[in-house]
Amino acid sequence: MRGLERAGLVSRTVTPTVPPCVDSALTALGEERMEPIAMLATWALRRREAVKQAHAAYDAREEPPAPREPR
């Protein structure tokens with residue numbers, strides 16, 4: 001959470017009680033970031049069958065792929 005706060009995506013409010021109470025909320029920047037995340041989630045849901053088929057095709061290969069050269 002602190003990383004998200006540091007990035008300006010989340011705001012945290014600590015109430016000094018016992019135990020401490022911490023409230024978190026998305027900032028305007030965090031809200032803005034939700035749009036592309038939602039688009040990716042929608043794509044993933046729509047394409048899950050294609051990914052499942054790709055997994056099956058990959059797993060059905062007789063030979064493993066050749067190792068990649070390091071960059």
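For the side-chain contact (heavy atoms from CB on, under 4.5 Å) test with Val51, the passing option among Gln53, Arg48, His55 is His55; the others fail.
Remark: Ile37 CD1 to Thr42 OG1 distance equals 12.0 Å, nearest 0.5 Å.
With sequence neighbours excluded, the residues that form a salt bridge (charged side-chain N to carboxylate O under 4.0 Å, His left out) with Arg12 are Glu5.
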Would you give me the side-chain donor-acceptor pairs under 3.5 Å for residues 22-30, sequence neighbours excluded?
| unit_1 | atom_1 | unit_2 | atom_2 | d |
| --- | --- | --- | --- | --- |
| Thr27 | OG1 | Gly8 | O | 2.5 |
| Thr27 | OG1 | Leu9 | O | 3.3 |
| Thr27 | OG1 | Leu29 | N | 3.4 |
| Thr27 | OG1 | Gly30 | N | 3.1 |

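Taking a 6.0 Å sphere around CD of Glu49, one finds it holds more than 12 heavy atoms contributed by other residues, nucleotides or ligands. In the displayed structure, Met1 atom CE is contacted under 6.0 Å by more than 12 heavy atoms of other residues, nucleotides or ligands.
Side chain of Thr17 to main chain of Pro19: a donor-acceptor pair is present (N/O by atom type, distance under 3.5 Å, no hydrogens or angles).
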